[in-house]
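These figures come from a predicted structure and were not determined experimentally. Protein chains get the first letters and strands the later ones, always in sequence-line order, with residue 1 at the start of each.
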There are 2 protein chains.
Amino acid sequence: MTGSNARPTRAQQRRQTEERILDAARRLFAELGYDRTTIRAVASAAGVDAGLVMHYFGSKDLLFAQAVEVPADELPGGTSGEVAEALLASLGRRLTGEPAGSLAVLRSMLTNADAADRYRTAGEPQLNQLTAAIPTPDADLRASLLSAIIHGVIAERYLLRLTHLADASPEQIIDLLRPCFQSLTTPPPTSAKTL
Amino acid sequence: MTGSNARPTRAQQRRQTEERILDAARRLFAELGYDRTTIRAVASAAGVDAGLVMHYFGSKDLLFAQAVEVPADELPGGTSGEVAEALLASLGRRLTGEPAGSLAVLRSMLTNADAADRYRTAGEPQLNQLTAAIPTPDADLRASLLSAIIHGVIAERYLLRLTHLADASPEQIIDLLRPCFQSLTTPPPTSAKTL
DNA sequence: CCGTTCATTCTACGGTCGTTGACCGACGGT
DNA sequence: ACCGTCGGTCAACGACCGTAGAATGAACGG
């Protein structure tokens with residue numbers, strides 16, 4: 001038996017190359033979006049030939065589909081207040097580190113129908129749980145607004161890199177957003193009057 | 001003098017054709033984004049040859065620049081509460097009708113540097129006024145969050161067409177967002193404790 | 001009425017893209 | 001040691017893109 005790290009077996013080599021390609025694809029799709037990312041660029045970033053990418057993944061669409069992985073982190077049920085806090089925590093997690101996969105979807109969803117679908121179905125379970133937890137007739141609209149807020153913030157922080165949003169700490173952002181989330185997950189006090 | 005509508009003069013004809021091209025460009029840029037919109041498609045939609053578009057506008061970039069017009073509606077100064085309300089009113093205006101120009105910028109800004117710049121500079125005056133009106137040290141972050149919320153909502157309503165957001169009336173959306181805007185433009189009560 | 005301008009079209013060039021298929025050379029089972 | 005398998009490269013095709021420039025013909029000014 002050869003030393004375990006001296007010469008990699010063929011299967012190992014293949015998995016390793018595939019992973020290098022997927023990494024490069026994730027990076028480029030997140031940075032440039034679907035259209036501007038070229039298979040040749042992915043291949044070159046991974047140190048291989050463009051033909052190999054086709055050979056392994058079949059097409060650009062399939063490469064994109066396999067590169068973007070959506071962990072879809074789940075939301076615990078509970079009172080509307082608890083759900084708001086869980087949602088804030090989920091946002092906090094997404095504001096630390098850079099999940100290249102979901103950034104790729106976010107970057108591409110406005111110009112690529114497939115990415116748009118992926119975005120929809122990825123957020124759907126969260127959206128449904130959210131809707132179920134909000135005790136008002138317009139729960140679905142409220143949940144959609146929360147989704148819009150979350151993605152707006154992430155897009156401007158990571159994709160557009162608006163300085164004030166990019167520099168802020170996740171805690172700072174979450175603290176400022178907490179009243180928003182609470183007001184959207186909570187029915188209005190029975191007699192509220194705008195001054 | 002020929003009848004005013006019998007045979008159009010050459011200048012009239014030109015202005016008319018240019019406007020048809022710009023209309024088609026606005027529609028296509030808003031619908032497909034910068035990359036997927038082709039000069040040939042714009043020309044064909046306007047009923048002219050692609051060469052003519054080049055002849056009139058010089059390049060695809062210049063066509064895009066001229067097609068997207070940013071009215072940049074101004075924000076009156078005032079107390080933070082008044083600014084919040086003015087911002088809500090501005091959002092309401094943008095939620096009725098479909099300003100194809102700004103949708104084109106919004107659709108393209110994630111994949112086109114020029115559109116991103118245009119988006120930044122278009123929102124900048126509003127952002128500055130907003131920052132000036134918020135009486136907290138983190139005013140700039142708060143203003144950025146408000147901007148992110150606004151654009152997130154518009155993007156999901158008009159570009160992604162999430163059903164619950166697309167079907168809702170502007171008033172409904174604004175009413176739900178009002179507490180958000182108020183909490184972001186207002187310093188927190190001196191002793192707030194999250195339960 | 002003639003020469004010019006100009007709106008408009010046609011054709012074509014150079015480049016890039018996704019994708020294909022032939023080809024090469026090292027690994028691995030027998 | 002042989003030979004099929006398979007990771008990987010190379011060259012090319014067809015489509016489409018942005019763009020340039022010549023050609024056409026009708027409107028215009030003198």
Taking distance alone, no hydrogens or angles, what donor-acceptor pairs closer than 3.5 Å link side-chain atoms of residues 163-172 of chain B to residues at least two apart or in another chain?
from, atom 1, to, atom 2, distance (Å)
S169(B), OG, E171(B), OE1, 3.4
S169(B), OG, Q172(B), N, 3.1

- Protein proximity profile, nucleotides 12-23 of chain C - base contact B, sugar-phosphate-only contact S, no contact -, cut-off 4.0 Å on heavy atoms: B----BBBB---

Are any of [X]'s side-chain N or O atoms less than 4.0 Å away from OP1 or OP2 of [N]?
| X | N | answer |
| --- | --- | --- |
| Q13(B) | dT8(C) | yes |
| T17(B) | dA7(C) | no |
| T9(B) | dA27(D) | no |

- Task: Not counting sequence neighbours, which residues clear side-chain hydrogen bond (donor to acceptor under 3.5 Å, both in side chains) with T17(B)? List them please.
- Result: R20(B)

- Note on the structure: Nearest heavy-atom approach of A24(A) to A45(A) is CB-CB, 3.8 Å

Return the value, rounded to whole Å, for the distance between atom [atom1] of [X] and atom [atom2] of [N].
| X | N | atom1 | atom2 | value |
| --- | --- | --- | --- | --- |
| R10(A) | dA26(C) | CZ | C1' | 7 Å |
| Y56(B) | dA20(D) | OH | P | 17 Å |
| R15(B) | dA7(C) | CZ | P | 11 Å |
| R14(B) | dA26(D) | CZ | C1' | 16 Å |
| E19(A) | dG7(D) | CD | C1' | 17 Å |

- For DNA chain D, which residues in residues 21-32 of chain A have a heavy atom at a distance below 4.0 Å? none

- Query: Out of dT9(D), dA7(C), dG4(D), which has the shortest distance to the side chain of L52(A)?
  - Reply: dT9(D)

For residues 86-97 of chain B, which side-chain donor-acceptor pairs fall under 3.5 Å, sequence neighbours excluded?
from, atom 1, to, atom 2, distance (Å)
S90(B), OG, D73(B), OD1, 3.4
R93(B), NH1, D73(B), OD2, 2.3
T96(B), OG1, R93(B), O, 3.1

- Is there a donor-acceptor contact under 3.5 Å from the side chain of R36(A) to the main chain of T111(B)? yes

- Taking R142(B) for the side chain and L184(B) for the main chain, is one N or O donor matched with an acceptor at less than 3.5 Å? yes

- Please test E18(B) against R14(B) for salt bridge (Lys or Arg N to Asp or Glu O under 4.0 Å), starting from the C-alpha separation and ending with a verdict. CA-CA 6 Å; E18(B) 277 187 358; R14(B) 158 139 194 182; 3.0 Å; yes

- If you measure from OH on Y119(B) to CG on D114(B), what distance do you get to the nearest 0.5 Å? 15.0 Å

- Which pairs pass side-chain hydrogen bond (donor to acceptor under 3.5 Å, both in side chains) with one or both residues in residues 49-68 of chain A, sequence neighbours excluded? Y34(A)-D61(A)

